[in-house]
Amino acid sequence: MTTLAWRRASDEEPGLIRSAALALLVHIVFFGFMVFGLNWRNDPNESMAVDLWRDMPQQPIKPQPVIKEPIKELPKPTPPAQEPVKPQPEPVQPKSEPVKIKNPPPRKPAIEIKEKIEPPKTIQEEKKVEPVQEKVPKPEPVKEQVKKPEPIKEVEKKVEPERELPEKEQKTVEQDVLAQLAAQKSKALDEIAKYKAMIQAKIRSRIVTPPDLPGNPMVEFRVTLLPGGDVLKVSLRKSSGYAAFDEAVERAIFLAKPLPIPPDPALFKEFRDFSLTVYYQDAL
Amino acid sequence: MSATVTQDMSLLHLVTSASLPVQLVMLMLLIASLLSWWFIFRKLFAIREAIKQSDEFENTFWRGVDLNALYQRAAGARDRAGSMERIFEAGFREFTKHQSGMDIGAIMDSTRGAMRAAYQREMDRLEAHLSFLATVGSVSPYVGLFGTVWGIMNSFRELSNLTQATIAHVAPGIAEALIATAMGLFAAIPAVIAYNRYASDTSQLATRYESFMEELSNVLQRRAVKL
């Protein structure tokens, strides 16, 4: 009798259903938190960041015409550059010109980068090949173009008379080869120009400029890179006269590492050691 | 890399895409966790109630209420009575049964025996399901670990078919498998904490009951001598 009474008492334990409900609640809350409260998915934010990276280098190429200070002829020579590339069978001289004209683009941006192989050299190399033909008349216009910013029309006028002359010559095969070489070179130069623009853009974006400097001071650095784009050494070549600005640019160069360099290792030699010029107004 | 970025790594997807043994392990652990939480709450209420009732009964008992009246009250409301009240009831009933001039020693022995029996039943009731909590607390991590090991074994076996293995191939499988360990720990940690807490609570209650039994038997013995 008594045991029955105990049984009944123990069966009527106070919160049997209540505790079951609470146990369920604990699990629902916990799993609800796990499912909805935590972010289990990798958000595709990263891809957006990648887009930004791709966009950035292209921007500095567009604003080039705005910056007229370094070299004013820049916007003009570009259009002829594209035209002469296409006609391959043309004489050697017109080809040497596109190379020459292509070289200016790297100078367009506010931050100039002079490569070791500078434009004049390439022209001279080709001149060496050319001398078999007519040396005298051609080199002169070449030099004129380099030094004086002449309008496009003049350039074209000179080009046209030249074209007709070499047509008569027999060495068309050689010319073809040379033309291909020139095309390759101009392609490589395009690539170099592109990456220099990217480097400039990256460095420029990192510069924290000291405010209110008078005028448009210019600072020039010599930058040594490691393969991979890491900055090995930065040395001041020409101070702007404002230590704060010099330091800001130097810091920016280190902050910008790794610098974008072309994937083609053959082109890296252009970037191993180059000089970098920054104008204060453009870094603002 | 892009494959992992787009892959659905939500908890539900990971659980549903796990292999069958891992899913079984997860189900087991879920049930164990549900039951252990059920018992945790049941024990919580039961032990809290037992402590409260013991406090109340001790208060009324030591205030010097008439033992007969106390017995009547306890026997009348047996369902709602606390453990200590039931021990008292059992002992007092046994004591009153032998009042017709029997040997005091024999009376007290049988009274103590009745109280001890009631005490055992009460302790049994209080400690019920605690062993379940202890089992869940000690075993479910291993069960979860078993699920994890199984899942990782499978994901590595699938990896052996690939010529080029990347972390992206193993990662979902391992994430799936690790959920089993997480569930095991989720079941085990509260169970262990609750077990330790309730074990100490019940042992405290046990000492209170035992000392009350000694005191009550002394009171009854004095009463028997007076009679």
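Sequence lines set the chain letters: A, B, ... in the order given, protein chains first and strands last, and positions in each chain run from 1.
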Asker: Just wondering, more than 12 heavy atoms not from B:Tyr195 lying within 6.0 Å of its OH?
Answerer: no
Asker: Could you tell me whether A:Arg18 sits above the aromatic face of B:Phe41, with NZ or CZ closer than 6.0 angstrom to the six-membered ring centre and within 45 degrees of the axis?
Answerer: no
Asker: Would you call the rings of B:Phe186 and A:His27 parallel, tilted or perpendicular if under 30° counts as parallel and over 60° as perpendicular?
Answerer: perpendicular
Asker: Got a sec: does the CZ of B:Arg197 have more than 12 other heavy atoms crowding it under 6.0 Å?
Answerer: no
Asker: Decide yes or no for B:Phe45 and A:Leu22: does some side-chain heavy atom of the first lie under 4.5 Å from some side-chain heavy atom of the second?
Answerer: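 With C-beta onward as the side chain, the pair touches.
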Asker: Has B:Trp38 got a side-chain atom pairing as donor or acceptor with A:Leu16's backbone, closer than 3.5 angstrom?
Answerer: yes
Asker: Quick check: are there more than 12 heavy atoms from other residues, nucleotides or ligands sitting under 6.0 Å from OH of B:Tyr142?
Answerer: no
Asker: Under 4.5 Å heavy-atom distance to chain A, tell me which part of B:Ser36 shows up: side chain, backbone, both or neither.
Answerer: neither
Asker: Flag the pair A:Phe31 / B:Val15 as yes when at least one side-chain heavy-atom distance between them is below 4.5 Å, and no otherwise.
Answerer: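 They are not in side-chain contact.
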Asker: With rounding to the nearest 0.5 angstrom, report the CZ to OG distance, B:Phe39 to A:Ser19.
Answerer: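 B:Phe39 atom CZ to A:Ser19 atom OG measures 9.0 Å (nearest 0.5 Å).
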